[in-house]
Amino acid sequence: MTRREIEHINHEVLKKQNDIIQRIKQNNENEYHKTGRIKYARVITYGCQQNNSDSEKLKGMLKLMGYNQTEDNEEADVILFNTCCVRENAELKLYGNIGALKNLKKKKPDLIIGVCGCMMQQKHAVEMIKEKYRHVDLIFGTHNIYRFPEIFEKALHEKYTLIDILDTEGFIVENLPVERDEKHKAWVTIMYGCNNFCSYCIVPYVRGRERSRNPEDIIKEIKNLVQDGCREVTLLGQNVNSYGKDLKIEFDFADLLYKINSIDGIERIRFMTSHPKDLSNKLIKVMSECSKICEHLHLPFQAGSNKILKLMNRVYTKEEYLEKVKRIKEAIPGIALTTDIIVGFPGETTEDFEDTLDIVRKVRFDQAFTFIYSKREGTPAAEMMDIISEEEKQYNFNRLIEVQNKISREINESYKDNIYEVLVDGPSKTNKNILTGRTRTGKVVNFKGDANIGDLVNVKIKEVHTWSLNGEVVMSNQS
Ligand code: 5AD
Ligand code: SF4
């Protein structure tokens, strides 16, 4: 399909959905004139940044339909759960939360309860909701979010649970309405899906194959964000380093970064997630050359033992990972490194786990997101044999956290008495008299001073903790 043909289809899709949005909005307005009641929607998001970004689109569409956002179930006319299925605990949490709405639905029969996102791309989860949670009104998946108004309108008029799931990914629909949680920084999805099929991971099955957005659409979106006051973008994709491979033009992730770096008004560029196997020298070069790209890289290594990395289908060895880290550290001094680690993958012995600890000690990550392996039906790892007990896994997991926390704290100590640029996120949630923000390296800083959301200020670090830093504004770059 040519770009023009895609744009035409995109236009038709948006037009149809927009007509439905207008119809629902009109109905809500008519009801308001009769009853004086404003309508509210609550969107509850589980899981990763991609889900947050999808939820911002759902909120955007709901807003145009006339629903204000609420965090209160009792006030809500619509409650949507955007689900995650990467690990079992996210699924269990969802079932608990949907179950808890049964009585509310009895009390307010007009309440619309919807469940969408990754979990709904799995047949067993949809069956479970259909059978055990009959108070759910609509179910849809990850591939048809753009048709939410159409699905929602049907659900408003149906008594049974409406299910609308696409098994395969379609083309990317651009320009959906978005209600962003914050103005000064934004998530920008640059690609969808994943081709890697790490043997433990459900994502490729529920999010489909890699599809890159057109660079022009991404640049246009970021320029519009700047107009709206945005200063920091985080580019999102399951594996941003393979951006562009499916496009029919010679344009890769590094090229995209160069382009975004030249957009006036953007001050900071972040991205996630990077797969170590695709981390190229060209990317390291662009990171060291472009002043707006923050000195932070999230580079999951998952496990240290080469035997386990092979079983995981990660396509790199411990030595290759360490070599890449060495190159990155040389090219970008002071870079903060974060990672994801899985403990207790089938077949992992405590001796294998020592290799994980070895990487943690050698690399000295600023932060690690650590998970105990969770069996996902349908993935190759689900068929593999466990070797060690759950107790031993938990013991290793606790050791890992202890080692990592000590390193995080030590790295944070090196920030003490130095001055860092902080992008102000606003008042701290726990103390309204204190501001909070992040350094370019991604550290949370709580600080005293006078500044507005979105300002870049210089903060002197006075005190450090494992997860955050405390400080005081010394000189404002901009107010
Ligand atoms: N069990 C535990 N952790 C998992 N992750 C992905 N799949 C699983 C699983 N089955 C972790 C990986 C990934 C992060 C987003 O979630 O570390 O990088
Ligand atoms: Fe899952 Fe691996 Fe793809 Fe990440 S790269 S989403 S862990 S399959």
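When reading the values below, keep in mind they use all heavy atoms of this one structure, side chains included, and skip hydrogens, waters and symmetry mates. Note that ligands are numbered from 1 as they come in the structure, with each ligand's atoms numbered from 1 the same way.
The protein atom (non-hydrogen) at minimum distance from atom 9 (C) of ligand 1 is Ser374 O, 3.6 Å. Here the heavy atom of the protein found nearest to atom 12 (C) of ligand 1 is Gln302 OE1, 3.4 Å. The protein heavy-atom contact nearest to atom 18 (O) of ligand 1 is Asp340 OD2, 2.6 Å. Closest to atom 7 (S) of ligand 2 among all protein heavy atoms lies Tyr200 OH, 3.4 Å.
By the neighbour-count criterion of 12 heavy atoms within 6.0 Å, atom NZ of Lys223 is sparsely surrounded, having that number or fewer from other residues, nucleotides or ligands. Counting heavy-atom neighbours within 6.0 Å of Glu5 CD, excluding the residue itself, gives a total above 12. Residue Lys282 qualifies as enclosed at atom NZ: its count of foreign heavy atoms under 6.0 Å is above 12.
Geometric assessment of Arg207 against the ring of Tyr192 yields a negative cation-pi assignment under the 6.0 Å and 45° thresholds. Under a cutoff of 6.0 Å and an axis angle of 45°, Lys443 and Tyr415 form a cation-pi pair.
Using a 30° and 60° split on the angle between ring planes, Tyr67 and Phe152 fall in the perpendicular class, above 60°.
At a 4.0 Å cut-off, at least one heavy atom of Arg314 sits close enough to ligand 2 to count as contact.
Only backbone heavy atoms of Ile372 (N, CA, C or O) come within less than 4.0 Å of ligand 1; its side chain stays farther off. Under 4.0 Å from ligand 2, not a single heavy atom of Met312 appears. Looking at Ile342 against ligand 1, only its side chain comes within 4.0 Å, counting heavy atoms.
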| message | Is there a side-chain hydrogen bond (donor to acceptor under 3.5 Å, both in side chains) between Glu319 and Asn306? Walk through the geometry before answering. | response | CA-CA 9 Å; Glu319 293 71 30; Asn306 285 338; 3.0 Å; yes
| task | Kindly indicate, with the supporting measurements, whether the criterion side-chain hydrogen bond (donor to acceptor under 3.5 Å, both in side chains) is fulfilled by Lys277 and Asn196. | result | CA-CA 10 Å; Lys277 79 174 164 60; Asn196 289 315; 2.9 Å; yes
| request: Test Thr45 against Ser55 for side-chain hydrogen bond (donor to acceptor under 3.5 Å, both in side chains), laying out the working first. | output: CA-CA 7 Å; Thr45 312; Ser55 286; 2.8 Å; yes
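With hydrogens and angles ignored, the 3.5 Å screen pairs a side-chain donor or acceptor of Lys292 with a backbone N or O of Ile263.
Close approach of ligand 1 to Arg376 (heavy-atom distance below 4.0 Å) involves ligand atoms 10 (N). Numbered from 1 in the order shown, with element, the atoms of ligand 1 that lie under 4.0 Å from a heavy atom of Val86 read 5 (N), 6 (C), 7 (N), 8 (C), 9 (C), 10 (N), 16 (O).
The tally of protein N/O/S atoms under 2.8 Å from atom 3 (Fe) of ligand 2 stands at 1.
Within the structure, every pair that satisfies the ring pair (Phe, Tyr, Trp, His ring centres under 6.0 Å) test and touches residues 268-297, not counting sequence neighbours, is listed here: Phe253-Phe271, His275-Tyr316.
Where the criterion is an N or O separation shorter than 3.5 Å, residue side chain and backbone included, Arg87 meets it with respect to ligand 1. Taking any N or O of Tyr200, backbone or side chain, at least one lies under 3.5 Å from an N or O belonging to ligand 1.
Remark: aromatic rings of Phe397 and Phe371 are distant, center separation not under 6.0 Å.
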